[in-house]
Amino acid sequence: MLKVLYLTPNLADPAAARRISMMRTGGASVAVAGFIRKGAALPSLDASDVVVLGETFDGRFGQRLVAVAKALATIMRTLGGRDVPDIIMARNLEMLPLANRLRALWGGHHPIVYECLDIHRLLLRQDFVGRGMRAAERYLSAPAALLTTSSPGFLRNYFDIYGGPPALIVENKAPIGNGERGRNPALHNVEAPLRIGWFGALRCSRSLDALSQLTADMGGRLEVVLRGRPALTEFDDFHARAAAQPGLTFAGPYRNPDDLPAIYSDVHFSWAIDFFEAGQNSSWLLPNRLYEGCLHGAIPIAVAGTETAAFLQRHGIGLIVPDIEAETLRGTLGGLDASTVRMMAGRVAALDPSLFSYGEADCEALVSRLSSLRADINLATEVA
């Protein structure tokens, strides 16, 4: 059985839990080490062992680097007595120093996998800070045998330009769990106001502004439901703003994947738009909410020119808007009748769920690819 050590900067990140679950389902044994965000509870992870390396703060990249530096000094004492893995997978750039240190302490032959699901804005600066960050990434990722990323946009717009290890795209597909899928309210012929769901990591102040204005402009004909984890550092009093706008409701966190069928079945549309790093990371990613929403029946809304919009065009689904100005959204959504919404929902529901969810075969394929890295290292060692 392949033994993987998974290093993550945020043990409470649902995407990290999903990757761990994928590897376990594919037949690997997974031990996890990482940091817990301030105020977050340690989640229940599908892992053979979970080690907390320290506490970090959301939105404070510098503090996270300090935490990694402290962990470097104690990493062998923390993890050295545990089972030595076959593969070390480092999620995000800041975990690569730990992966490299462990690899050296364990003999220097363990394959490292660099999992990059976001391109931090510091890496994209064209000044000495950006050049320095990219140089550090090239140095730290040089020993990596594989890069896993979630969108072709990251390869085309970043790694193909600045370089990186051999790449494998592993999309942010949702777990289908017990097989239950949500269903769009439009397919039940329910007479109700149109509802947009903005679920997941809520970090885009422009989206909150646009959705607040839209509910006001539509005069009760449209409602917006927000659920998930708001990045409070990105908003001026998120909770007060959400409470002040009639028609817009923040319904708090949810359990992923347990609550996904229910929350997406309560809305007609899924807001798959993010301007947190507009023109860069936000334009290149394929977000979790895209796959989760489509799997459970919601019609995705995307902005033209993004990787998300290209995904919708390829599959002939969703609503693509040129921008999120008040007039644009009011004109687009205000002009939809029940039959049009029903038709759009039907197109999403008719697609193969494997486009949006991973199954056992996907998990086994991932573990097989990781196992081949171990085989390559063993062969190289024998030849040497």
Side-chain angles (χ1 to χ4, degrees), residues 7-10 13 15 34-35 37-38 54 56-73 90-101 112-144 146-167 169 172 201-210 230-236 273-287 303-310 323-324:
L7 302 174
T8 175
N10 183 1
D13 186 348
F35 298 90
R37 291 294 165 86
K38 178 73 172 178
T56 56
F57 296 83
D58 194 30
R60 291 172 56 181
F61 188 65
Q63 186 273 334
R64 300 207 303 269
L65 292 181
V66 171
V68 169
K70 290 180 179 178
L72 275 170
R91 180 181 177 88
N92 291 2
L93 174 59
E94 65 225 68
M95 304 310 288
L96 280 174
L98 295 172
N100 288 329
R101 174 65 62 85
I112 291 175
V113 177
Y114 175 26
E115 183 178 47
C116 181
L117 305 184
D118 288 293
I119 308 297
H120 196 281
R121 57 184 174 271
L122 289 178
L123 288 162
L124 297 166
R125 288 172 53 160
Q126 296 305 310
D127 58 8
F128 73 95
V129 173
R131 291 192 293 272
M133 288 291 294
R134 290 191 294 275
E137 181 184 49
R138 286 193 299 272
Y139 174 77
L140 292 169
S141 65
L146 183 69
L147 165 75
T148 61
T149 191
S150 57
S151 169
F154 293 144
L155 299 181
R156 187 173 57 252
N157 294 289
Y158 183 77
F159 288 106
D160 288 351
I161 298 170
Y162 297 111
I169 293 178
N172 286 320
L202 311 179
R203 59 183 185 177
C204 176
S205 60
R206 284 183 63 184
S207 289
L208 182 59
D209 291 341
L232 299 179
T233 56
E234 301 302 322
F235 301 95
D236 294 327
I273 293 174
D274 185 277
F275 286 98
F276 179 65
E277 293 177 346
Q280 297 179 340
N281 191 74
S282 294
S283 298
W284 305 336
L285 55 76
L286 290 172
V303 171
T306 63
E307 199 69 31
T308 302
D323 54 61
I324 59 169

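For the numbers below, each heavy atom of this structure counts, side chains included, while hydrogens, waters and symmetry mates do not.
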As an exercise, state the distance from [atom1] of [X] to [atom2] of [Y], rounded to the nearest 0.5 Å.
X: Asp160; Y: Phe154; atom1: CG; atom2: CZ; answer: 13.0 Å
X: Ile119; Y: Asn157; atom1: CD1; atom2: CG; answer: 9.5 Å
X: Lys38; Y: Phe57; atom1: NZ; atom2: CZ; answer: 5.0 Å
X: Glu94; Y: Asn10; atom1: CD; atom2: CG; answer: 9.5 Å
X: Ser207; Y: Ile273; atom1: OG; atom2: CD1; answer: 6.5 Å
X: Leu124; Y: Asn281; atom1: CG; atom2: CG; answer: 7.5 Å

Which atom of [X] lies closest to which atom of [Y], heavy atoms considered:
X: Phe35; Y: Leu98; answer: CE1-CD1, 4.2 Å
X: Tyr114; Y: Asn92; answer: CE1-C, 3.7 Å
X: Ala167; Y: Leu146; answer: C-CD1, 4.3 Å
X: Leu93; Y: Leu140; answer: CD1-CD1, 4.1 Å
X: Glu307; Y: Trp284; answer: CB-O, 3.4 Å
X: Asn100; Y: Pro143; answer: OD1-CG, 3.5 Å

Just checking Tyr139: does its OH atom have more than 12 heavy atoms from other residues, nucleotides or ligands closer to it than 6.0 angstrom?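 Atom OH in Tyr139 is not packed in, count stays at 12 or less.
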
Asp127 atom CG, neighbour heavy-atom count above 12 within 6.0 Å: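 Yes.
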
Counting distance only, does the side-chain N/O of [X] pair as donor-acceptor with the main-chain N or O of [Y] below 3.5 Å?
X: Arg91; Y: Glu115; result: no
X: Ser141; Y: Gly164; result: no
X: Arg156; Y: Ile161; result: no
X: Asp274; Y: Cys204; result: no

Flag the pair [X] / [Y] as yes when at least one side-chain heavy-atom distance between them is below 4.5 Å, and no otherwise.
X: Ser205; Y: Asp236; answer: no
X: Phe276; Y: Ser282; answer: yes
X: Ile169; Y: Ser151; answer: no
X: Ile112; Y: Leu96; answer: yes

Are Arg121 and Glu277 close enough, and set up right, to give a salt bridge (charged side-chain N to carboxylate O under 4.0 Å, His left out), and what steps lead you there? CA-CA 7 Å; Arg121 57 184 174 271; Glu277 293 177 346; 3.0 Å; yes

Is a side-chain donor-acceptor pair under 3.5 Å present for Thr56 with Arg64?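 Their side chains do not contain a donor-acceptor pair, so the 3.5 Å distance test is not met.
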
Do Tyr158 and Gln280 get their side chains close enough for a donor-acceptor pair, meaning under 3.5 Å?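 Judged by distance alone, the side chains do not pair up.
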
Determine, stepwise, if the pair Phe159 / Cys116 fulfils side chain to side chain contact (heavy atoms under 4.5 Å, CB included). CA-CA 10 Å; Phe159 288 106; Cys116 181; 3.8 Å; yes

Go through the steps for Arg37 and Asp13 under the test salt bridge (charged side-chain N to carboxylate O under 4.0 Å, His left out), then give the verdict. CA-CA 9 Å; Arg37 291 294 165 86; Asp13 186 348; over 6 Å; no

I'd like to know whether Leu155 forms a side chain to side chain contact (heavy atoms under 4.5 Å, CB included) with Leu147, so could you lay out the CA-CA distance, the side-chain angles of the two residues, the decisive distance to 0.1 Å, and finally the verdict. CA-CA 10 Å; Leu155 299 181; Leu147 165 75; 4.1 Å; yes

When you look at Val303 and Ile324, which way does the side chain to side chain contact (heavy atoms under 4.5 Å, CB included) test go after all the steps? CA-CA 8 Å; Val303 171; Ile324 59 169; 4.0 Å; yes

